[in-house]
Amino acid sequence: MVPADGGLVAAAGLLAGTVNAVAGGGTLIAFPALLATGMPALTANITSSVGLVTGYAGGALGYRRELAGQATRLRALAIPALLGGLTGAVVLLVTPADAFRAVVGYLVVAACGLLGAQPWLARLVGARRAAASAASTTNRGTNSGVTWPTRAGVFLAGAYGSYFGAGLGVLLLGVLGILLPDDIQRTNAAKTLLSFGVNAIGVTVFVVSAQVSWTFAAILLVTSCAGGVLGARLARLLPASALRGTVVTLGLIVSVVLIVAR
C-alpha cells in the first residue's frame, strides 16, 4: 500500500461514516476509493462492508438518546435484519466474481436512485407520523407496530445491504418510516442500529472468505467510526440535501465508469 492510497481510503472512511449517519450512502464514498487503489470490485465491496461496520456503530452511539425506549421494537426487528444480512452475505460469496462485476454498476445506479429518493421518503415518513401521532406516542417502545410486512421489509433490506451496502440505510428508513411512523430522528436512530446489525453479521461471514484487504479495512474501521459519531451530531443540525446531492453525483459517475469498463 502506498501512502497516497492509505490517505485516500482514510479520508473516504471519515466521510463515509459521516454520510451514513447524516444521509446514508457511505458505501458510494468508500467503494470507489477502494477501486481507485486498483482493488477488484468484489474485494472492494467486501472490504468496504468490513471497514464501514464501525461507522454504523459510531452512528448508533451518537444516536443513543433517540434509541431510548425502542428496545422492544428493535428486538422484534433484530432477527429479520440479521437473517437478511446473513442471506445477502452468503449470496455474495457464492456469486462468481465476474457476475458481480457485471451487475455492480447497475447496483450503484440503484443505490443513487434510493439516495435521491430519500427526501420523498422523508416527506412520506412525516405525513405518516402526523396521521398517526397519537398512536405512535402510545406505542413508543412497544412492538405492537411491528407487523409481518415490517419484518419482511427489514429482511429484504438486510439482504440487499449485505450483498451491496450502498442504499441500505435509505431502504431501512423507508420501511421503518412507512410501516412504523415515529419521530424522524428516532426512526433514523433505529435505522442506524439495524444497519449496524446487518453489516456486523455480513462481516462475520466475510472474514472467513479470505477476500478482505485487511490493511485498507483497518483504516476504514477507525476513520468510519469517527465519521459516524460526527455524522450523528451533524444530522441534528444540518440539512442533508447538499451532501446527498454530492454523493449521488459521485455515485452516478462511478456507475458510468463501471458499466463502460466492464
Side-chain angles (χ1 to χ4, degrees), residues 20-21 23-28 49 52-53 56 59-60 63 66-67 69-92 103 106-133 135-136 139-203 205 240 244:
N20 273 338
T27 300
L28 293 176
S49 295
L52 294 184
V53 68
Y56 288 110
Y63 269 125
E66 287 80 5
L67 287 169
Q70 297 199 67
T72 304
R73 170 186 294 174
L74 289 168
R75 279 196 296 270
L77 293 172
I79 292 177
L82 295 177
L83 287 176
L86 178 63
T87 300
V90 171
V91 170
L92 177 63
V103 302
Y106 301 101
L107 289 174
V108 174
V109 172
C112 290
L114 287 170
L115 193 57
Q118 191 182 43
W120 174 80
L121 287 173
R123 288 194 295 272
L124 185 58
V125 167
R128 287 276 296 171
R129 187 181 77 84
S133 57
S136 70
N139 294 327
R140 203 175 266 188
T142 73
N143 68 347
S144 58
V146 179
T147 61
W148 283 108
T150 308
R151 291 181 174 91
V154 169
F155 171 83
L156 292 174
Y160 166 83
S162 197
Y163 184 84
F164 185 65
L168 168 61
V170 181
L171 272 176
L172 282 174
L173 183 65
V175 170
L176 298 178
I178 294 169
L179 298 177
L180 290 174
D182 199 346
D183 178 86
I184 185 64
Q185 291 291 354
R186 284 168 52 85
T187 303
N188 206 33
K191 172 267 293 183
T192 301
L193 187 58
L194 290 173
S195 296
F196 168 68
V198 169
N199 270 46
I201 195 68
V203 165
V205 175
R244 183 185 300 108

[X] versus [Y], closest heavy-atom pair with distance:
X	Y	result
Leu74	Ala190	CD2-CB, 3.9 Å
Arg186	Gln70	O-NE2, 3.1 Å
Leu194	Ala81	CD2-CB, 4.1 Å
Leu28	Cys112	CD1-SG, 4.0 Å

Report task. Would you please name every residue forming a side-chain contact (heavy atoms from CB on, under 4.5 Å) with Leu82, sequence neighbours left out? Result -> Ile201
Requested in this report: Could you pull out all residues at least two apart from Ser162 that satisfy side-chain contact (heavy atoms from CB on, under 4.5 Å)?
Outcome: Ala89, Val198, Phe206
Query raised in the report: Within a strict 4.5 Å, meaning less than it, do heavy atoms of the Leu77 and Leu176 side chains meet?
Result: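 The answer is yes; the side chains approach within 4.5 Å.
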Query raised in the report: Do Phe164 and Val108 have side chains that get closer than 4.5 Å, going by heavy atoms?
Result: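 When only atoms from C-beta onward are counted, Val108 and Phe164 do touch, with a gap below 4.5 Å.
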Nearest 0.5 Å, what's the [atom1]-[atom2] distance between [X] and [Y]?
X	Y	atom1	atom2	value
Leu107	Tyr160	CG	OH	6.0 Å
Leu171	Leu156	CG	CG	9.0 Å
Glu66	Leu193	CD	CG	12.5 Å
Leu168	Leu172	CG	CG	4.5 Å
Leu179	Thr187	CG	OG1	11.0 Å

Requested in this report: Sequence neighbours left out, what passes ring-ring contact (aromatic ring centres under 6.0 Å, His included) with Phe155? Give chain and number order.
Outcome: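 Here no residue qualifies.
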Query - Check: Thr147/Thr150 side-chain N/O donor and acceptor closer than 3.5 Å - result: yes
Query raised in the report: Are the side chain of Arg151 and the backbone of Val146 linked by a donor-acceptor contact shorter than 3.5 Å?
Result: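 Flag set: sc Arg151 to bb Val146 pair under 3.5 Å.
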